[in-house]
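Report on one structure; see the data block that follows.
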There are 2 protein chains.
Amino acid sequence: MTLADALQEPTTQEKILDAAERLFADNGFAGTSVRAITAEAGVNLASAHYHFGSKEALIRMVLSRRVEPITQERLHLLEACLKEASAGLPSLEAIVEAFIGPAVRLSLDPQRAIFMRLMGRVHSEAGDFMPQLLHELFSVTAKRFHQALQVALPGFTEEELFWKLNFMVGAMAFTLAAPQAIEKVTRGHCDPADAETVLKHMKAFVTAGLRAEVAR
Amino acid sequence: MTLADALQEPTTQEKILDAAERLFADNGFAGTSVRAITAEAGVNLASAHYHFGSKEALIRMVLSRRVEPITQERLHLLEACLKEASAGLPSLEAIVEAFIGPAVRLSLDPQRAIFMRLMGRVHSEAGDFMPQLLHELFSVTAKRFHQALQVALPGFTEEELFWKLNFMVGAMAFTLAAPQAIEKVTRGHCDPADAETVLKHMKAFVTAGLRAEVAR
DNA sequence: GTACAATTTAAACGATTGATTGAAACGTTT
DNA sequence: AAACGTTTCAATCAATCGTTTAAATTGTAC
């Protein structure tokens, strides 16, 4: 039945999650109605509440479904490059790659690119439960990479590294959230579909920024 | 009458704009109703449509009211530092200061800080008219600073400078959009109210990123 | 085939949305 | 004080919102 499973159309739950992801990325959470989601998914209106209970629970599911794999890959890559350099200092380039690599590369897949656009939006959706949800999704990742930066960049205070981490996240989130912005502003000079090109420029910028001395 | 003007309470239009700015920053555009705005402003519901015509027109007015002064100051500072270095190369630090200085410093004023939070949100609100509105608000600024970077950083291609400009905007927008994120993640180690501290860290990170060599 | 659970369906609930109306209240000018 | 244009007011419009209900349908085990 595995072949049939692969060929048969996706579950109602999956159709709802995919449609919600697409519409949330385009119109935001408040700007997307459950009716629009179920219509886009081609399922009945009540199916959404039957499978997820509420719109808020659907939002949480849409986000956690994609964040979890990215987090796993980030932490796995980070641990690998920390172990590899157990003797000396871990490579800053490897740490940066472990953080922005999984996110940028996933944006190659068109379906995942939609989610990246959604993630950029999420950071500014300061609704009632969103801050707590963001903390649940990213607190472990933030803490681990902050610790790694402390090892790789001795001489910087904890506070300085918090700021640097924040700027790295900002540069990445902004770029992934609005791929059309680059295309617009460069009038076609850049190819936003090429993840390796994005990574090349972003890693150069971020690693230099992380190493930058701060006036005391 | 100038003294009386200064002391008397703000116009209905101003009360609506201030309330809209506050609520838009907290709940987004789709998440804020005209009723909530007029209630927060303490004016009648119909006043909003009387003075602005529609919710969309109100959004445009809320944004343009604050962006215009920032744009003016940015372009003024940029022209000043380009003239000062008419002989040699303009200082990259001065260009960065001209771009992020006005935005960050305005976030000292509590009222303006609300708008900065709103601006961070705007970049990811990709509604129907928002991309065009963003282009109207920032296209001149983006073009001018891109040209300035071409002068200050010879040896980089146009494309590379587009990416660097993009990362700078991202690092800045993300930081200004979620001042509570820094506070949360640092558990009080940083004081987000101190604009000069933010500027110090951001300028160090951004200038280093701008100067970074990109692998060919 | 029958019984039982899981799922989908159409229809409707009260609440809230952006927008509109016409009359009342306002400030200014004559 | 009378007349005028501007602004505010309460009331209401059709439309849409998230959610709920109960019946119809499907899938599964006996």
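All chains are named by letter (A, B, ...) in the order of the sequence lines, taking the proteins before the strands, and each is independently numbered beginning at 1.
Heavy-atom nearest nucleotides on DNA chain C were determined for B/A46 and for A/R35, and the one closer to the 5' end corresponds to A/R35. Place A/S54 and B/H51 on DNA chain D by their nearest nucleotides, and B/H51 ends up nearer the 5' end. Where A/T11 and B/K55 meet DNA chain C, the nucleotide closest to each residue was compared, and A/T11 sits on the side nearer the 5' end.
Between the side chain of B/T141 and the backbone N or O of B/T71, no donor-acceptor pair lies under 3.5 Å. A/T207 contributes a side-chain N or O that, together with a main-chain N or O of A/K203, makes up a donor-acceptor pair within less than 3.5 Å. With hydrogens and angles ignored, the 3.5 Å screen pairs no side-chain donor or acceptor of A/E73 with any backbone N or O of A/I70.
Rounding to whole angstrom units, CG of residue B/L58 and C1' of C/dT17 are separated by 15 Å. If you measure from atom CZ of B/F29 to atom P of C/dG18, you get 13 Å, rounded to the nearest angstrom. One interatomic measurement links the two molecules: NZ of B/K15 to C1' of D/dT7, which rounds to 12 Å at whole-angstrom precision. The distance from atom CD of A/Q13 to atom C1' of C/dA6 is 12 Å, rounded to the nearest whole Å. Rounded to an integer number of Å, the gap from B/L23 CG to C/dT16 C1' is 16 Å. Spacing between atom CG of B/N27 and atom C1' of C/dT17 amounts to 15 Å, rounded to whole angstrom units. Computed from coordinates, the B/L45 CG to D/dT8 P distance equals 13 Å when rounded to whole Å. Across the protein-nucleic acid pair, B/H49 atom NE2 and D/dT6 atom P stand 20 Å apart, rounded to whole Å.
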(request) Tell me, with the steps shown, if B/N166 and A/T175 meet side chain to side chain donor-acceptor pair (under 3.5 Å). (result) CA-CA 7 Å; B/N166 176 79; A/T175 303; 2.7 Å; yes
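Phosphate proximity of C/dT8 to A/T12: present, with a side-chain N or O under 4.0 Å from OP1 or OP2. A sub-4.0 Å separation between OP1 or OP2 of D/dT7 and a side-chain N or O of B/N44 is absent. Residue B/S33 places no side-chain N or O under 4.0 Å from the OP1 or OP2 atom of C/dT16.
In this structure, B/T32 reaches the sugar-phosphate backbone alone: every heavy-atom distance under 4.0 Å involves primed, P, OP1 or OP2 atoms, never a base.
Relative to the ring axis of B/F156, B/K164 places its NZ or CZ within 45° and under 6.0 Å from the centre.
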